[in-house]
Each structure stands twice: as structure tokens, then as C-alpha cells.
Amino acid sequence: MKAQDVLPDGEDFTTINGRTLRKGSVAAFLANARILEDAGTSAADRQAAEQDFASLIPTLDALGLFDVFELRSPFLREEVARHRAAFSPVPAAASPNA
């Protein structure tokens with residue numbers, strides 16, 4: 001499958017598993033993860049990144065990203081698990097490598 005098969009040229013979003021997924025969600029998640037992992041990040045930038053990071057978790061969950069990839073960073077793994085548990089009535093499964 002190619003990118004255009006999921007999101008054709010000229011389209012900014014698609015719906016997967018009943019959730020609207022915007023183009024750029026994965027890139028935004030990764031950018032926020034890098035900001036959160038950077039010890040030199042200011043408190044204001046960290047707060048903004050934390051909010052944006054958390055807001056993208058349901059989208060990436062609907063996409064199935066966390067079923068395929070495991071975050072290397074223990075901090076980011078814990079943040080994702082915490083937010084997934086808060087967004088879902090069923091607790092997120094623990095990672096076998098945690």
C-alpha cells in the first residue's frame with residue numbers, strides 16, 4: 001500500500017475506525033516526542049508539547065501505531081500508556097518489554 005492509497009493527493013484527512021485522522025499526525029507526534037525528550041526544552045515549550053503529544057494519542061491509537069511500534073523511551077512509553085488508559089474505559093495492555 002502506498003501513502004496515496006490511504007490519503008489521496010489533495011486530501012487532508014481520512015476516517016479510520018470512526019476517528020478522523022489528519023495528514024501530519026504522525027510527524028507532529030514525533031516532533032512533540034523529540035521536544036519532550038530534549039532536556040533543554042523550556043517549561044512553556046514542554047507544556048505545549050505535552051498537550052499536543054497527548055491530543056494525538058487517540059488518533060495514533062485508531063491508526064494502530066501502538067500495536068505495531070513500541071517507543072524506546074521509558075518516559076514516552078509511560079506517557080502513552082497513561083493517556084491511553086485515560087482515553088479508554090479498558091486499560092491499555094502492558095508492553096511485554098516494559
Please report the interatomic distance [atom1]([X]) to [atom2]([Y]), rounded to the nearest 0.5 Å.
X	Y	atom1	atom2	answer
Ser55	Leu60	OG	CG	9.5 Å
Leu36	Glu50	CG	CD	5.5 Å
Gln51	Leu56	CD	CG	12.0 Å
Gln47	Asp52	CD	CG	10.5 Å

Main chain of [Y], side chain of [X]: is a donor-acceptor contact present, judged purely on distance under 3.5 Å?
X	Y	answer
Arg84	Pro58	no
Asp5	Lys2	yes
Asp45	Thr41	no

Run the side-chain donor-acceptor check on residues 10-24: report pairs under 3.5 Å with partners two or more places apart or on a different chain.
residue	atom	partner	partner atom	Å
Asp12	OD1	Lys23	NZ	3.3
Asn17	ND2	Ala62	O	2.8

| task | Give the minimum heavy-atom separation between Ala33 and Leu76, together with the two atoms involved. | result |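 Looking at all heavy atoms of both residues, the closest pair is CB-CD1, 3.7 Å.
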
| said: I need the minimum non-hydrogen distance between Arg77 and Arg72, along with the two atoms involved. | reply: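 Reported closest heavy-atom pair: NH1-O, 3.1 Å.
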
| query | Shared ILVMFWY cluster between Leu30 and Phe75, side chains joined below 4.5 angstrom? | reply | yes

| said: For Arg82, is there an ion pair with Glu79 - N to carboxylate O distance below 4.0 angstrom? | reply: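 A salt bridge is present here (some side-chain N lies under 4.0 Å from a carboxylate O).
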
| said: Please verify the inter-ring angle class for Phe53 with Phe29; under 30° counts as parallel, over 60° as perpendicular, anything in between as tilted. | reply: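 Aromatic pair Phe53/Phe29 classed parallel.
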
| field | pair Arg46-Ile35: side-chain heavy atoms closer than 4.5 Å | value |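 Sidechains of Ile35 and Arg46: no contact.
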
